[in-house]
Amino acid sequence: MTLHTNMYRREDGDTMKNKENPELIAFLEQLPPVEFCCIYGSTLHPNNHDKSKMVDLILGVSDPQKWHEKNIRLNKDHYASWMVYLGGGKLVTKVADAIGVGVHFNPYVMWNDKMLKYGVARMHDLIQDIQYWKTFYLSGRLQKPVNILVDSLDVQQLNSVNLRSAVSAALLLLPPKFTEVELYAKICSLSYMGDLRMLFAEDRDKVNKIVRGQFPLFQSMYQPCLEQYKTKELLQFSPHGDDQANISQDCGLSATEYLVSSLPTTVRNTMGLRLGEKRSLSGPGRVTGRNQVLVQSRKEVADCMQRVLRRKVMVSSARQAVSGVLAVGGAKAAKYLASKICKAWRSWR
């Protein structure tokens, strides 16, 4: 398998790609300081020339309430007026935490002829979701290509755990032989399983478009993990053409146990409740404190994991949808939903 240069690697301690996004860096300077910022979504498509598309950003901050209070003083027009006047930063944060999944989005923000949507999350919540898939909301976005602009806590390095978990989950759902494109499509689909928006407000071919449009970026992201699994003889690669590979995987029970052990603890714990657990051994006759999911059938394990993830995504997407409507106000929410439904309608025709 050919090694690809990691376009997200940082050099000399500076966050990557800043020089290629001077406009967005200038936008961030109009906001209170953030500890993390990344661009995600269709604007990362190498052939995207549609400047009218909304640029999606995720911002990580240490204290969302204080951050929103400062930002309201600086950029009051970014927020729904009712939230500003009834509760300010405290209300914004309460709605995000109590109703949503801890993320507040400000959409339709104009900056230098660009339309932006930025979501603000607590750094602790972001890191917890990356490591444990507690809501599987932000972690799902970071399983797809992103362009990191600010990374003071090295989230990029922490995200390697999230990428490894995503590969393990995707492999459990794939057959013994598949292509590299099919692997990335399965990874990409994990965070859409159970998403209520996919029923009526998303392009039905969204996953394939993401993978086709950003294929080299997926290769760059997942190269280290795939090489690791190849070294462990879980995967074998052969040329397929078009700079991608055919992949075959070991589907035996020991390989399945290894993949399950690489899933986040919240997922494993729920699977253990449904399938049973066994005590793991660290050596001859020595029992560790960690339980393992009882693996009797690969299909049974894969089906159980899929149900667990589907429920996580369904609950998170529903909570965030309600929170989003309250956060942006009725007019903006209707405008955003209408644009999504129109896009979905065009894909269904």
Side-chain angles (χ1 to χ4, degrees), residues 13-15 18 21 23-40 54-112 114-132 134-142 146-159 162 316 319-329 332-333 336:
D14 292 327
T15 311
N18 285 359
N21 291 279
E23 286 183 305
L24 292 179
I25 294 301
F27 171 73
L28 291 178
E29 291 172 352
Q30 308 305 308
L31 306 177
V34 301
E35 295 176 289
F36 175 79
C37 173
C38 72
I39 309 170
Y40 70 95
M54 191 147 50
V55 179
D56 298 311
L57 303 168
I58 291 292
L59 311 181
V61 302
S62 57
D63 188 330
Q65 181 175 330
K66 290 182 179 178
W67 192 92
H68 287 300
E69 288 170 350
K70 292 178 182 177
N71 196 38
I72 287 172
R73 290 196 293 269
L74 295 170
N75 303 289
K76 186 170 66 174
D77 58 317
H78 292 184
Y79 295 82
S81 58
W82 78 271
M83 297 195 86
V84 172
Y85 294 114
L86 291 182
K90 184 176 181 179
L91 179 60
V92 169
T93 306
K94 188 173 183 179
V95 169
D97 290 342
I99 300 176
V101 293
V103 187
H104 171 85
F105 281 98
N106 284 331
Y108 298 109
V109 174
M110 294 302 301
W111 173 257
N112 287 353
K114 284 184 179 292
M115 187 177 292
L116 311 178
K117 178 182 76 175
Y118 64 91
V120 181
R122 187 179 288 101
M123 282 302 300
H124 176 267
D125 294 345
L126 172 61
I127 291 170
Q128 288 283 299
D129 204 39
I130 285 172
Q131 293 180 317
Y132 306 117
K134 294 191 74 173
T135 65
F136 203 36
Y137 189 79
L138 295 174
S139 53
R141 279 158 174 73
L142 291 174
V146 296
N147 185 347
I148 298 177
L149 303 179
V150 178
D151 193 5
S152 61
L153 297 183
D154 208 1
V155 170
Q156 182 198 359
Q157 181 61 37
L158 290 172
N159 197 47
N162 182 30
S316 293
R319 289 179 59 184
Q320 192 59 35
V322 175
S323 172
V325 170
L326 294 174
V328 304
K332 284 187 177 180
Y336 184 72

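The first residue of the sequence shown is numbered 1, and numbering continues consecutively from there. Given the structure is predicted, the values throughout are model-derived calculations rather than measurements.
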Report task. Taking only Lys NZ, Arg NE, NH1 and NH2, and the carboxylate oxygens of Asp or Glu, determine whether Asp129 and Lys134 approach each other closer than 4.0 Å. Result -> no
Query raised in the report: Any idea which heavy atoms bring Val103 and Gln320 closest together, and the distance?
Result: O-NE2, 2.9 Å
Query - Any Asp151 side-chain heavy atom under 4.5 Å of Phe36 side chain - result: yes
Requested in this report: Could you tell me the separation between the CG atom of Leu326 and the CE atom of Met83, rounded to the nearest 0.5 Å?
Outcome: 7.0 Å
Report task. Determine the minimum heavy-atom distance between Leu74 and Leu31, stating which atoms define it. Result -> CD1-C, 4.3 Å
Report task. Looking only at non-hydrogen atoms, find the nearest pair between Ala80 and Ala327 and report the distance. Result -> CB-O, 3.1 Å
Query - Shortest non-hydrogen contact between Pro107 and Phe105, atoms and distance - result: CD-O, 3.5 Å
Query raised in the report: Looking at Leu142, Asn147, Leu149, Leu59, which one forms a side chain to side chain contact (heavy atoms under 4.5 Å, CB included) with Cys38?
Result: Leu142
Query - Distance in Å, Ile148 CD1 paired with Asp154 CG, rounded so as to fall on 0.5 Å steps - result: 8.5 Å
Query - Minimum heavy-atom distance between His78 and Asn106, given as atom pair plus value - result: O-OD1, 3.1 Å
Query raised in the report: Between Asp97 and Arg122, is there a side-chain N and carboxylate O pair less than 4.0 Å apart?
Result: yes
Requested in this report: Answer yes or no: is there a side-chain heavy-atom contact under 4.5 Å between Arg319 and Tyr137?
Outcome: no
Query raised in the report: Side chains of His104 and Thr93: does their closest heavy-atom pair fall under 4.5 Å?
Result: no
Report summary line: Exactly one candidate in Ile58, Asn162, Val101, Asp125 meets side chain to side chain contact (heavy atoms under 4.5 Å, CB included) with Leu138; the answer is Ile58
Query raised in the report: Taking the side chain from Thr135 and the backbone from Ser316, do they hold a donor-acceptor pair closer than 3.5 Å?
Result: no
Report summary line: Output for pair (His124 NE2, Leu126 CG), nearest 0.5 Å, gives 11.0 Å
Query raised in the report: Excluding sequence neighbours, so at least two apart, what forms side-chain contact (heavy atoms from CB on, under 4.5 Å) with Val55?
Result: Leu24, Ile39, Thr43, Leu57, Leu116
**Report entry** Listed partners of Glu69 passing salt bridge (charged side-chain N to carboxylate O under 4.0 Å, His left out), at least two apart
**Finding:** none
Report task. Using the six-membered ring wherever Trp is involved, compare the ring planes of Trp67 and Tyr118 and label them parallel, tilted or perpendicular (cut-offs 30° and 60°). Result -> perpendicular
**Report entry** Heavy-atom closest contact (Asn71 atom, Pro32 atom, distance)
**Finding:** OD1-CD, 3.4 Å
Requested in this report: Flag the pair Arg141 / Asp56 as yes when at least one side-chain heavy-atom distance between them is below 4.5 Å, and no otherwise.
Outcome: no
